[in-house]
Amino acid sequence: MNKQNIFIYLLTSFILTCNCTFAANLDSIIKKSELNRTSTIAVSVKDAKSGRTIYEYNEHKLMNPASILKIFTMKSAYNELGKDYMFQTTVYADKNNNLYIKLGADPSLSTTSLKTLMSNVKENYKKTVKDIIIDSTIIDDMQWGTGWMWDDDTNALLPKYSPYSVNENKIDVSITPGSNGRMPEIKTKGNYQMTMVNLLKNGSSNSINFERKPWTSGDMTYVSGTIKTQASYKLPVSSPQRHFINTLNSVLSSSGIKYTGTIKTAPTPSGLNKIASVSSEPLEQLLANTLKNSNNFYSEMIFKTAGGHYTKTQGTTQSGINMFNHYFSDIKSVTPIIADACGISRNDLISADWVTSALNKIYNEKNSEEFISLLPKPIEGTLSDRLLNISLKLRAKTGTASGISSIAGYIDTKSNKKYSFAILIQNHAMSVLDVKKFEDELINEIYKM
């Protein structure tokens, strides 16, 4: 055996020994944990460049991904729309003095944005306005995802999404303790009217619960529990369309725009005069918010819009899924099943092996760092208080739902290797903090490789 062959033999033996030790260490962490006894754990680690499998455990089991799904739904949208895409809300005028507001499914549209838009309309259009006609055809009006939980209806992280969207379809609610034996007081900000059933009591702590009962009245919110000090909350609206129109009317009034007719809905005809428009930030910046802060509302709005762009039809969740399936069609792994963009649906099923294969596809594309840099690193977003010891070595997305925890992304190891990794945990009954500690222990072991 010549010197070159001896060197190759020794190097191969060293690598195999390292891999075996690494695998044994991960096996030990998993098999000693209470999670492994009571829950399902899946792990996959691959070399991001070569695709070589470094470690796997239950890697082909289909599991609920939670919010790590956003990496892949948002990448397919990013690929379809481009990083510079901006959502446009535009006003047109016809020859009969009607104004058409063409909605652009802008997830970031706010009252401030509408004020800017209407201020420009006031400046550019001097005629008496007859009707205000809203064109909401860019995406459909299915407001929640298949497989979402009905009792999340008041969850501020899961507002309804709709072409009629402003302020993320949430309103501000303030609650003040009662004085001199009076009941606590509930106030809402803005013109959106919501029936609040006040079941609150003054107490020794703030423990407040919001609930809707769709089997009786979907637009009635029951507020129960106790309050000690004044508190503020964000509460999703039950009717995005009514919320948008109420906000619009308020903005029209403050902008000095009067109309003699009514507010209607209809598609925008061709050939109208453009009066004014307002744009979102570029998609790249919207995705940074979506991925780093795990914004469910943004992800669903972006996914539907990109799906419509892909199919050249009205945007729907299904058109987004078609776009997603096309983009990842070359992945050789267990085919995922997805029902939404954000990963909240219990119908979403994905394997750890597919996740790392898809991460490798993303990594090996041209200009991949542009998208990967949008993922949070420790000190940012959902990783703000995790894995701070390797903050410069990690880009990853977390996922959390009831009984579900996950994390996936890229890590630069001590030996200067780039690995993709996925950890999925399902059906656990432990505290979220303890489950995240377990994930962090695995990631720190991967970093040592």
Side-chain angles (χ1 to χ4, degrees), residues 73-74 76-94 98-111 113-114 116-118 120-121 131-146 159-169 237 239-245 247-248 251 263-287 289-290 295-324 340-342:
T73 55
M74 293 301 95
S76 63
Y78 181 88
N79 186 70
E80 177 64 30
L81 297 175
K83 67 177 183 177
D84 298 320
Y85 179 88
M86 290 185 284
F87 293 80
Q88 302 273 346
T89 306
T90 309
V91 177
Y92 299 90
D94 68 12
N98 299 310
L99 291 184
Y100 282 78
I101 302 174
K102 187 172 179 60
L103 302 179
D106 180 359
S108 64
L109 191 71
S110 65
T111 300
S113 305
L114 283 178
T116 299
L117 179 63
M118 292 308 158
N120 291 336
V121 170
D131 290 332
I132 302 287
I133 304 169
I134 302 175
D135 180 352
S136 63
T137 57
I138 185 168
I139 61 173
D140 71 7
D141 200 33
M142 291 293 291
Q143 298 175 357
W144 250 24
T146 303
K160 292 178 177 178
Y161 47 92
S162 162
Y164 296 96
S165 291
V166 60
N167 302 326
E168 296 188 29
N169 289 343
V237 300
S239 174
Q241 182 173 354
R242 182 160 59 84
H243 176 241
F244 182 89
I245 291 173
T247 305
L248 175 63
V251 169
I263 292 183
K264 302 177 179 179
T265 61
T268 305
S270 59
L272 302 188
N273 293 322
K274 180 178 176 180
I275 304 301
S277 68
V278 65
S279 302
S280 71
E281 294 179 324
L283 179 64
E284 187 173 43
Q285 294 179 47
L286 298 181
L287 286 185
N289 174 35
T290 305
N295 192 310
N296 299 314
F297 180 80
Y298 272 46
S299 65
E300 297 298 336
M301 296 285 283
I302 292 168
F303 194 59
K304 279 192 176 187
T305 304
H309 192 273
Y310 170 73
T311 58
K312 296 179 174 57
T313 58
Q314 184 181 58
T316 65
T317 298
Q318 186 56 55
S319 65
I321 292 170
N322 293 343
M323 170 189 67
F324 171 94
D340 62 7
C342 66

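When the side-chain contact (heavy atoms from CB on, under 4.5 Å) test is applied to Ser299, the partners found at least two apart in sequence or on another chain are Lys70, Met74, Thr290, Ala341, Cys342. Looking at residues two or more places apart in sequence or on another chain, you find a side-chain hydrogen bond (donor to acceptor under 3.5 Å, both in side chains) between Glu80 and His309. With sequence neighbours left out, the ring pair (Phe, Tyr, Trp, His ring centres under 6.0 Å) criterion links Phe297 to no other residue. Every residue two or more places apart in sequence or in another chain that forms a side-chain hydrogen bond (donor to acceptor under 3.5 Å, both in side chains) with Ser108 is listed here: Asp106. In terms of the side-chain hydrogen bond (donor to acceptor under 3.5 Å, both in side chains) criterion, Thr305 has no residue partners (sequence neighbours excluded). Not counting sequence neighbours, Thr265 has no partner by the side-chain hydrogen bond (donor to acceptor under 3.5 Å, both in side chains) test. For Phe303, there are no ring pair (Phe, Tyr, Trp, His ring centres under 6.0 Å) partners at least two apart in sequence or on another chain.
Looking at heavy atoms from C-beta onward, Val91 lies out of side-chain contact with Tyr100 at the 4.5 angstrom threshold. Met118 places a side-chain heavy atom less than 4.5 Å from the side chain of Leu248. Within the 4.5 Å cutoff, the side chain of Tyr161 has heavy atoms near those of the Thr317 side chain.
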What do the steps show when you test Thr247 against Asn167 for side-chain hydrogen bond (donor to acceptor under 3.5 Å, both in side chains), and what is the final call? CA-CA 10 Å; Thr247 305; Asn167 302 326; 4.9 Å; no
Tell me, with the steps shown, if Ile101 and Ile133 meet side-chain contact (heavy atoms from CB on, under 4.5 Å). CA-CA 6 Å; Ile101 302 174; Ile133 304 169; over 6 Å; no
Step by step, work out the side-chain contact (heavy atoms from CB on, under 4.5 Å) result for Phe244 and Ile134. CA-CA 10 Å; Phe244 182 89; Ile134 302 175; 4.1 Å; yes
Kindly determine whether Asn295 and Glu168 satisfy side-chain contact (heavy atoms from CB on, under 4.5 Å), including the steps that lead there. CA-CA 10 Å; Asn295 192 310; Glu168 296 188 29; 3.7 Å; yes
Let me check something: any side-chain donor-acceptor pairs from residues 270-284 under 3.5 Å, sequence neighbours excluded? List them with distances.
unit_1	atom_1	unit_2	atom_2	d
Ser279	OG	Gln88	OE1	3.0
Ser279	OG	Gln88	NE2	2.9
Ser280	OG	Phe87	N	2.9

Return a table of donor-acceptor pairs under 3.5 angstrom between the side chains of residues 136-145 and protein atoms on other chains or two or more places apart.
unit_1	atom_1	unit_2	atom_2	d
Ser136	OG	Tyr164	OH	3.4
Thr137	OG1	Asp135	OD1	2.6
Asp140	OD1	Met142	N	3.4
Asp140	OD1	Lys304	NZ	2.4
Asp141	OD1	Ser162	OG	2.8
Asp141	OD2	Gln143	NE2	3.4
Trp144	NE1	Leu158	O	3.3

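Closest heavy-atom contact between Lys102 and Thr268: CB-OG1, 3.9 Å. The two residues Leu109 and Ser165 have their closest heavy-atom pair at CD2-O, 3.4 Å. Closest approach of Pro163 to Leu103, counting heavy atoms only: O-CD1, 3.2 Å. Between Val166 and His243 the shortest heavy-atom distance is O-CE1, 3.2 Å.
Thr316 OG1 to Ile321 CD1: the interatomic distance, rounded to the nearest 0.5 Å, is 8.0 Å. In this structure, Asn169 CG and Met301 CE are separated by 7.0 Å, a value rounded to the nearest 0.5 Å. Rounding to the nearest 0.5 Å places CG of Asn296 at 8.5 Å from CG of Asp340. In this structure, CG on Asn98 lies 5.0 Å from CG on Asp131, to the nearest 0.5 angstrom.
Judged purely by atom type and a 3.5 angstrom limit, Thr311 uses its side chain to pair as donor or acceptor with the backbone of Gly307.
Side-chain atoms of Asn322 and Gln318 form a donor-acceptor pair, as typed in the model, at a separation below 3.5 Å. In this model, no donor atom of one side chain and acceptor atom of the other lie less than 3.5 Å apart for Ser113 and Thr116.
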